[in-house]
Trainee: 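Sharing a structure with you now.
Order of listing sets the numbers, starting from 1, for every ligand and every atom in it. It should be emphasised that the depicted structure is a prediction, and the values quoted were computed from it without experimental measurement.
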Amino acid sequence: MPRYSPVGGQQSNHPYPNLQLRQPRCLRVQAGRRSPGSGSASSATAGGRTRPEFKAPRKSGPPSSAPLPSQTPNNPVQEPVELPSLGWMWQVGGGSSRGDAGGGSPASRPMPSAVSTVANLYEDRIKAKKSLGQNFLTDDSVLQDIVAAAAVGPHDLVLEVGPGTGNLTKHLLARGARVTAVEKDDTLYGRLQEEYREVAELTLVHGDAIKVGLEDIIRGMIQQERPDLDPVSEEDSAAAAAGPATAPDAPPPTAAAAGRGRPSGRRAAARKVKVVANLPYNITKDLLLLLLPLGDLISDLHIMIQHEAAVRLTERTPGGPEWRAANIRTLFYCTPRYRFRISRLKYDPVPGVDGALVTFSLLPPGSRPEVPSERGFHTLVSKAFSERRKKMRNSVQPLHTSDQVEAALAACGLNVDARAQDLTLEQFVSLSWQLHRQQVEAGLGLLRPQQPEDQPEGQPEAEQS
Ligand SMILES: C[S@@+](CC[C@H](N)C(=O)[O-])C[C@H]1O[C@@H](n2cnc3c(N)ncnc32)[C@H](O)[C@@H]1O
C-alpha cells in the first residue's frame, strides 16, 4: 500500500496547503514489547531530553474565540469556517528551530496530516485495536475545531488521554500547549515516544489512564510548571474540599459562607490543567468519575464521547427517561456543554455511532453545592435512580425508611410520590439535608439521658437498668 499523502490532490480543501508527508522514520514496535525507557507501567519520559526542537506556533490565525463550525443537535448543518494557519513546522531530528517559525529551514518539515499518520500506521501493519477503542480521527479540520473549542493557548497545561496516533497531540502542541499524554497501547506508545522524543513540550506516560494515578500526574504537571508558586497546601485543599465547617444539623450555608476555605483565586487559576481527549468510549464513565471531582486542579475537560451519551449527559432538565444519576453527579461537579457533533466518517476505523465534543467546566470545591456528606449524597442519588420506576420512598430503602423519605420530601415542599427522575440537583440537595436532619434528631433522641416520663407506666424506678 503506498503511503498516503494528501499532497498531489488526494484530499481537497485540506487545512494545510503546503502539507507534505513527514519522512518515514516509523518504529516497528511489536505489540506487547516494551519500548526503550518504558520500564514501568507509568513511566514518564520527559527526563533526559534535550530542549525543544519544534517551533512556536505562528499566531496568524483568528483568535481561539473564533466561532466554531458547530454542529449541534439543533444545528445539524456544518457552517463554513476560516481555518487558522498554524505555521507549525515539524522538526524531528532537525536543527534548532528557534526564531524560524515556519520559514522552512532545510531540517524542518510541515506537520503531517492526520490521515497520512493513520495510513502510515496501517502500512506498518499496525491494526487498530477494538478492545482499546481505537477509532482514530483522520480530519485535521475537526482536530483544529476541537483545540479551538477547548481554547487551548500558549503555555496551557494540557492532559491528553489516549494520544494514539498523536494526531490530536500535535494540534495541541501547535497551539503552544505543554502536553502530558497517557497512552495504554504498547505499540502506539513506542511510536509516539520515538517520534516526539525531542519535543520537550510533550511528556508521555505509558499506562492505563484509570489506574496510572491521574491526580498525582496532574499535580506533578502543575508543580513542574510553576515552581515559583507555593504548592497548594494540603490544608488549603482539604479546607476547600470540606467547605466551611457546619454543625451536623445546620442548614445549608449561604453562598458567601460557602466561599470560605477556597484556595485564593489567583493561585487556583494559575495552576489548573485542561483535559483534552478523544476517549475510547469504554472508559468515559470511569474517567469522569475520577476527574470531575478535581475542580481544584482541572479547569475544564473537553472530551469526545458518543453523540447519544453526550446529549444525555448535558441534559439540564429533569422529568424525562434520560434523566439519570449521572446528570445529578455531573451538575454537582461542573457545567457540561454539548459543543458539536462529529460524524463517524471522520474516524478510522469508522465506528457504529457519531461522536460529539463535550466541555465540562469544573467547579472549584468551594463552589459546589453544600451537602452533609459528598459520598452520602452520591449514594442517595444512585440508590434513588437504581429502580427508576419506583417512587423514591421505595427506591432508597434500606438507606432510609419510606416514612422518613415521605416526611423529608414533604418538608422540602416536594410531592411525596416523587420519583428520582422528577428531582433537580437542588431538590436532591434539599432532600439530603432533610434526611440528614432526621438522622441527627433520631441520634440525639437515642443519646438523650432517660427521663422519668420515658419510663413505662406502673414500672418501679428500681427495676430500671
Ligand atoms: C479513540 S482513540 C484516539 C486516538 C487519537 N487521540 C485520535 O484522536 O485519533 C483512543 C486512544 O486511547 C487509547 N486508550 C484506550 N484505553 C486507554 C486507557 N485505559 N488509558 C490510556 N489510553 C487508552 C487507545 O490505545 C487509543 O490510542
Trainee: How far is atom 26 (C) of ligand 1 from its nearest protein heavy atom, and which residue and atom name does that atom have?
Mentor: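 Closest protein heavy atom to atom 26 (C) of ligand 1: Q134 CG, 3.6 Å.
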Trainee: Specify the protein heavy atom at minimum distance from atom 1 (C) of ligand 1: its residue, its atom name, and the distance to 0.1 Å.
Mentor: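 Among all protein heavy atoms, the one nearest atom 1 (C) of ligand 1 is G133 O, 3.1 Å.
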Trainee: Would you give the length of the straight line joining atom CG of D296 to atom CG of L294, rounded to the nearest 0.5 angstrom?
Mentor: 6.5 Å
Trainee: Among protein heavy atoms, which lies nearest atom 19 (N) of ligand 1, and at what distance?
Mentor: D208 OD1, 2.9 Å
Trainee: Report yes or no: do S395 and E387 form a side-chain donor-acceptor pair below 3.5 Å?
Mentor: no
Trainee: What about H302 and F360, are their ring centers closer than 6.0 Å?
Mentor: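 No; F360 has its ring centre 6.0 Å or more from that of H302.
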Trainee: Which residue and non-hydrogen atom of the protein lie closest to atom 13 (C) of ligand 1, and at what distance in Å?
Mentor: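 In this structure, atom 13 (C) of ligand 1 has E183 OE2, 3.4 Å as its nearest protein heavy atom.
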Trainee: Distance to 0.1 Å, residue and atom name: give those for the protein heavy atom nearest to atom 9 (O) of ligand 1.
Mentor: L137 N, 2.9 Å
Trainee: What about the rings of H378 and Y333, do their centers lie closer together than 6.0 Å?
Mentor: yes
Trainee: Around atom 20 (N) of ligand 1, find the nearest protein heavy atom and jot down its residue, atom name and distance.
Mentor: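 Of every protein heavy atom, A209 N, 2.9 Å lies nearest to atom 20 (N) of ligand 1.
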Trainee: May I ask which of D348, N278, I283 has a heavy atom nearer to atom 10 (C) of ligand 1 than the others do?
Mentor: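 It is N278 that holds the nearest heavy atom.
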Trainee: Heavy-atom distances under 4.0 Å are what count here, so tell me which part of P163 touches ligand 1: side chain, backbone, both or neither.
Mentor: backbone
Trainee: Within the side chain of R344, is there an N or O that forms a donor-acceptor pair under 3.5 Å with the backbone of V350?
Mentor: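 Not confirmed, R344 side chain does not pair with V350 backbone.
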Trainee: At less than 4.0 angstrom from any non-hydrogen atom of D185, what atoms of ligand 1 do you find?
Mentor: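 Counting from 1, the qualifying ligand atoms are 25 (O).
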Trainee: Mark up the atoms of ligand 1 that fall under 4.0 Å of a heavy atom belonging to G164, in ascending order.
Mentor: 27 (O)
Trainee: Distance under 4.0 Å to a non-hydrogen atom of F136: what atoms of ligand 1 satisfy this?
Mentor: 4 (C), 9 (O)
Trainee: Pull out every atom of ligand 1 sitting under 4.0 Å from any heavy atom of V182, numbered as shown with elements.
Mentor: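 Ligand 1 atoms under the 4.0 Å threshold to V182: 21 (C), 22 (N).
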Trainee: Could you tell me whether E308 and R312 make a salt bridge, using a distance below 4.0 angstrom between a side-chain N and a carboxylate O?
Mentor: no
Trainee: Whether the D348 and Y122 side chains hold a donor-acceptor pair (N or O, under 3.5 Å, no angle test) is what I'd like checked.
Mentor: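 Distance-only check passes for D348 and Y122.
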Trainee: Nearest 0.5 Å, what's the CG-CG distance between N278 and L137?
Mentor: 4.5 Å
Trainee: Do R339 and D145 sit within salt-bridge range, that is, some charged N less than 4.0 Å from a carboxylate O?
Mentor: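 Salt bridge between R339 and D145, a charged N being under 4.0 Å from a carboxylate O: no.
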Trainee: Would N135 count as a contact of ligand 1 if the rule is a heavy atom under 4.0 Å away?
Mentor: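 The answer is yes, since N135 has a heavy atom less than 4.0 Å from ligand 1.
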Trainee: Have a look at K129, K184, E160 and point out the one with the heavy atom closest to atom 23 (C) of ligand 1.
Mentor: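 That would be K184.
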Trainee: In the protein, which heavy atom is nearest to atom 4 (C) of ligand 1, and how far is it?
Mentor: G162 O, 3.5 Å
Trainee: Could you find the nearest protein heavy atom to atom 16 (N) of ligand 1 and give me its residue, atom name and distance?
Mentor: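 Atom 16 (N) of ligand 1 sits closest to the protein heavy atom P280 CG, 3.5 Å.
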Trainee: For ligand 1, is there an N or O atom under 3.5 Å from any N or O atom of I210?
Mentor: no
Trainee: For G207, state whether at least one heavy atom is located under 4.0 Å from any atom of ligand 1.
Mentor: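 The answer is yes, since G207 has a heavy atom less than 4.0 Å from ligand 1.
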Trainee: Any Lys/Arg nitrogen of E315 or R324 sitting under 4.0 Å from an Asp/Glu carboxylate oxygen of the other?
Mentor: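 Salt bridge between E315 and R324, a charged N being under 4.0 Å from a carboxylate O: no.
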Trainee: Quick one: CG on L289 to OG1 on T284, what's the gap to the nearest 0.5 Å?
Mentor: 11.0 Å
